[in-house]
Protein chains: 2
Amino acid sequence: MPDTSRATDRNPTRAALVEAALHLFGRKGYDAASTREIAAHAGANIAAIAYHFGGKEGLRLACVEAISAQMGQVMALDALPPPTTPDAARQRLESVIRQVARFMASAAPAQDMAAFVLREITENGPLADTIYHRMMEQRHRMLCQLWGRATGTDPESEATRLAVFAMIGQVIYFRIGQPMILRRMGWDAISPDAAGRIGDLLVRNLHAALAATERTTP
Amino acid sequence: MPDTSRATDRNPTRAALVEAALHLFGRKGYDAASTREIAAHAGANIAAIAYHFGGKEGLRLACVEAISAQMGQVMALDALPPPTTPDAARQRLESVIRQVARFMASAAPAQDMAAFVLREITENGPLADTIYHRMMEQRHRMLCQLWGRATGTDPESEATRLAVFAMIGQVIYFRIGQPMILRRMGWDAISPDAAGRIGDLLVRNLHAALAATERTTP
DNA sequence: GTCTATAAACAGATAGAC
DNA sequence: GTCTATCTGTTTATAGAC
């Protein structure tokens, strides 16, 4: 059993297995996706899963690590210096929303990743804790910091935390509910143009919500 | 094989099976939830599933019918006369949001139903079409009517349909993402008080978004 | 209507050849 | 590292007693 915990994918079979697993776990759920199906989808042998990951559970963990790595790239908030003025915070929130919206609305891998994370959380599986602490909590906290700076309110107040969840809900629903949205819109995919218009809408809602917050809690 | 398609639950075993199936399908997914587990959870025998529903698939269909019936009660928009003034439309939207938010945030069955529907849609299972047409589309259309009336814009324009999806996203995220939200808020459940505050937040965001729409597209 | 017993297909894991 | 073959347990569905 070699590099079971390695996130880097030097081996092409290993990488293909993670990609296929992410797709099938996300689409059908962990239990419903069989190792045979995953191996076939990756063009690999069933035994390769045990070899590279030690078993099905190891493959699940490898998926979490792959998502964590990808997510760090898309929401690279951590690297930038924290904004000092309300206006700078507002702009930072705006650019985060646009970036995440573009990623969520279009990119195919995002579908699998979002579905996978959501499932792991709602099923409260063995990796729910890991996912929450490594990917969710710190990012929400950072968004609360920006929101607090932008509105002049306490970043860790209940109102702020809930407001950030409402904002997040808008963005990720365009991913989670996408099959429904596509049908209703008469689209077969979200074009780059459409993703831009969705981003515009979400930013407009962001500004409206920020203004409403400032007016309510001065 | 008796009343396979009956939605009314005269038989207590039948009703218990639907309830247990809704819970387990919603929590673990259709494939992952075994008929043995469902029967045990309902205090019934495995063979009762084949007897009452013709098989596992029939049980799945019975779940859809149960949700459809429940949803008609919670979002009883259809019965009321359509509002004529923008202000009446705004109030109608507000009351729908509060009602759905209260249901989504607290009631335990809502967890199972929301998770079940979401899964069926994202897995694009055999009942995805039924669910979309019987439960999603007409309600979204009705909300678009209200939104259009409230803002004076075309109810079926792209902007309106997307704006309604953004609004819906906020509401249902407080159900879908609830395990995450509870952790972050330090709650172990959403109290009635908290549900009220979440409703306040969502209504405030609704008003802000409506105002932003009016300003943008006069 | 509800139960037991069983059939036929499937799952994940592993031993060992190459 | 990758493959075939096989072991062991679990799945849904069903036949038939009561």
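Computed from a predicted model, the values in this text were never measured in an experiment. Heavy atoms only: backbone and side chains are in, while hydrogens, waters and symmetry mates are out.
Between I46(B) atom CD1 and dA13(D) atom P the separation is 12 Å, expressed in whole Å. If you take CZ of R60(B) and P of dA13(D), they are 12 Å apart, rounded to a whole angstrom. Atoms OH (Y51(A)) and P (dT2(D)) sit 7 Å apart, rounded to a whole Å. In this structure, the NE2 atom of H52(A) is 4 Å from the P atom of dT2(D), given to the nearest Å. One atom, CG of L17(B), and another, P of dC3(C), lie 10 Å apart when rounded to the nearest Å. For I49(B) and dG1(C), the CD1 to P distance is 17 Å, given to the nearest whole Å. dG9(D) atom C1' lies 14 Å from atom NZ of K56(A), rounded to whole Å. In this structure, E57(A) atom CD and dG12(C) atom P are separated by 11 Å, rounded to whole Å.
Note on A47(A): a base of the nucleic acid sits closer than 4.0 angstrom, heavy atoms only. Residue A33(A) is in sugar-phosphate contact alone, with no base atom involved, counting any heavy-atom pair closer than 4.0 Å across all strands shown. Among the heavy atoms of the strands, none lies under 4.0 Å from A39(B).
Using a 4.5 Å cut-off on side-chain heavy atoms (C-beta onward), I176(B) and Y173(A) make no contact.
Within a 6.0 Å sphere centred on CD of Q70(B), heavy atoms belonging to other residues, nucleotides or ligands number more than 12.
Where Y30(B) and R36(A) each meet DNA chain D at their nearest nucleotide, the meeting point lying more 5' is that of R36(A). For the pair N45(B) and G55(A), nearest-nucleotide mapping onto DNA chain C gives the more 5' position to N45(B).
When distances are taken from the side chain of A50(A) to each of dT2(C), dT14(D), dT14(C), the shortest belongs to dT14(C).
At dG1(C), none of the side-chain N or O atoms of T13(B) fall inside 4.0 Å of OP1 or OP2 (strictly under the cut-off).
Between R119(B) and E123(A) there is a salt bridge, with a side-chain nitrogen of the basic residue lying less than 4.0 Å from a carboxylate oxygen of the acidic one.
Among the candidates E57(A), K56(A), R60(A), the single residue satisfying the side chain to side chain donor-acceptor pair (under 3.5 Å) test with Y30(A) is E57(A).
With hydrogens and angles ignored, the 3.5 Å screen pairs no side-chain donor or acceptor of T35(B) with any backbone N or O of I46(B).
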